[in-house]
Amino acid sequence: MERNTENYSRIDRLREEQTLPREEMGALLSSMTKEEASYLYGKASEVRDQHYGKEVFLRGLIEFTNYCRNDCLYCGIRRSNQKAQRYRLTEEEILDCCDKGYLLGFRTFVLQGGEDLYFTDEKICAIVRKIRQKHPDCAVTLSIGERPRESYEAFFEAGAERYLLRHETINPTHYKMLHPQELTIENRVRCLKDLREIGFQVGCGMMVGSPYQTLDYLLDDLYFMREFQPHMIGIGPFIPHADTPFGDRTQGGLDDTLHLLAVIRLMNPRVLLPATTALGTIHPLGREMGIQAGANVVMPNLSPTGVRGKYMLYDGKICTGDEAAECRRCMELRMEKIGFHVATARGDSLVR
Ligand code: 5AD
Ligand code: FES
């Protein structure tokens with residue numbers, strides 16, 4: 001049989017032009033052979049190397065509260081999950097994580113939590129200020145969901161410079177299928193735009209293989225992100241959590257996630273792109289494969305061991321028993337093994 005070269009040509013054009021017509025993007029994503037995928041990963045890696053080389057940025061993730069006022073259908077810490085054992089770290093415990101992380105070479109701290117209004121703007125600002133005071137050479141990233149613009153302004157003023165807020169899906173109908181009715185994609189996008197206007201480096205993103213996701217929705221996400229030009233893009237496979245309405249759904253695919261990481265790199269050459277914990281959860285070498293498909297960030301966990309097992313967004317999450325130092329070392333070894341080096345730099349986005 002004659003070799004069908006259509007996909008190779010699509011990948012080449014995607015690399016040259018950072019985009020493809022919608023039909024061709026759809027055809028590429030739904031018909032890739034193993035060989036074509038390898039070719040795609042190679043191209044994505046070249047582009048990543050051009051901008052970031054073989055340096056992988058480290059972000060220390062501090063999961064500081066699993067209380068959440070929201071009820072996203074996919075999420076293990078949704079408010080209706082009575083089985084979740086709730087916890088909050090104290091300010092002191094959070095600062096302690098940062099100190100430990102600093103000694104381990106982390107220069108970015110990501111404070112992530114459910115939408116927990118116990119942490120008022122004042123409390124968040126106080127924590128951010130203290131981290132910046134103690135570690136002026138570090139960046140603070142917040143990932144605490146939707147708040148009014150004024151709150152975001154206060155966080156920025158306090159010294160937070162980056163904000164992660166996945167858009168989850170840009171299609172309003174799909175958004176409604178994944179979230180309780182009071183949440184809307186319009187408010188999500190409002191938040192993302194506010195954050196960017198205020199001056200944050202902003203991250204959006206979505207799960208791959210979430211319930212009801214179609215190729216069409218994914219294409220919408222890809223073009224939305226290319227247009228929005230985020231500094232960071234977080235994607236990982238959807239993984240069911242038994243105590244949620246989506247507990248018996250199928251998890252997102254490994255290959256699908258890797259294809260999308262590579263396509264996202266080609267569409268957004270300078271974006272910061274993590275190989276996520278969810279990717280590492282569905283395959284023992286998932287994060288390594290993510291890096292080899294064009295990602296350039298890893299986010300080891302810095303949360304105290306005592307609470308790690310409680311921040312369960314999905315089942316089977318890795319590293320819940322490890323100390324921060326172990327995760328750091330493990331990550332370094334994993335990256336060295338595939339010819340990369342973990343960078344102890346702040347790692348600011350090259351996007352604008
Ligand atoms: N599987 C995979 N990712 C999930 N997230 C939440 N629940 C799950 C799940 N079941 C992701 C969401 C959220 C991020 C913090 O974690 O995309 O934005
Ligand atoms: Fe917490 Fe969705 S369940 S943000």
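Just so you know, these numbers use all the heavy atoms, side chains as well, and skip hydrogens, waters and symmetry mates. One-based numbering, in listed order, for ligands and for the atoms of each.
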The answer for which part of Pro237 has a heavy atom under 4.0 Å from ligand 1 is backbone
Quick test: of every protein heavy atom, which one is nearest to atom 10 (N) of ligand 1, and how far off is it to 0.1 Å?
Ile239 O, 2.7 Å
What's the verdict on side-chain contact (heavy atoms from CB on, under 4.5 Å) for Thr277 and Val298, showing C-alpha distance, side-chain angles and the deciding distance?
CA-CA 8 Å; Thr277 306; Val298 287; over 6 Å; no
Counting non-hydrogen protein atoms only, what is the nearest one to atom 16 (O) of ligand 1? Give residue, atom name and distance.
Leu313 CD1, 3.4 Å
Shortest protein heavy-atom distance from atom 13 (C) of ligand 1, along with the residue and atom involved:
Glu168 OE2, 3.4 Å
Looking at Arg346, I want to see if its CZ is surrounded by more than 12 non-hydrogen atoms of other residues, nucleotides or ligands under 6.0 Å.
yes
Return the minimal non-hydrogen interatomic distance between Gly347 and Phe57, and the atom names on each side.
CA-CE2, 3.4 Å
Counting each atom of ligand 1 from 1 as listed, which ones have a heavy atom of Arg166 under 4.0 Å away?
11 (C), 12 (C), 17 (O), 18 (O)
Within this structure, what is the OH-CG distance for the pair Tyr163 and Leu142, rounded to the nearest 0.5 Å?
6.0 Å
Quick test: of every protein heavy atom, which one is nearest to atom 3 (N) of ligand 1, and how far off is it to 0.1 Å?
Met207 SD, 3.4 Å
Any heavy-atom pair between the side chains of Thr141 and Gln112 that's under 4.5 Å?
no
Check this for me - ligand 1, Gln112, N or O atoms closer than 3.5 angstrom, yes or no?
no
Provide, to 0.1 Å, the distance between atom 7 (N) of ligand 1 and the closest protein heavy atom, together with that atom's residue and name.
Tyr74 CD1, 3.3 Å
Using a strict threshold of under 4.0 Å (side-chain N to carboxylate O), is an ion pair present between Arg69 and Asp116?
no
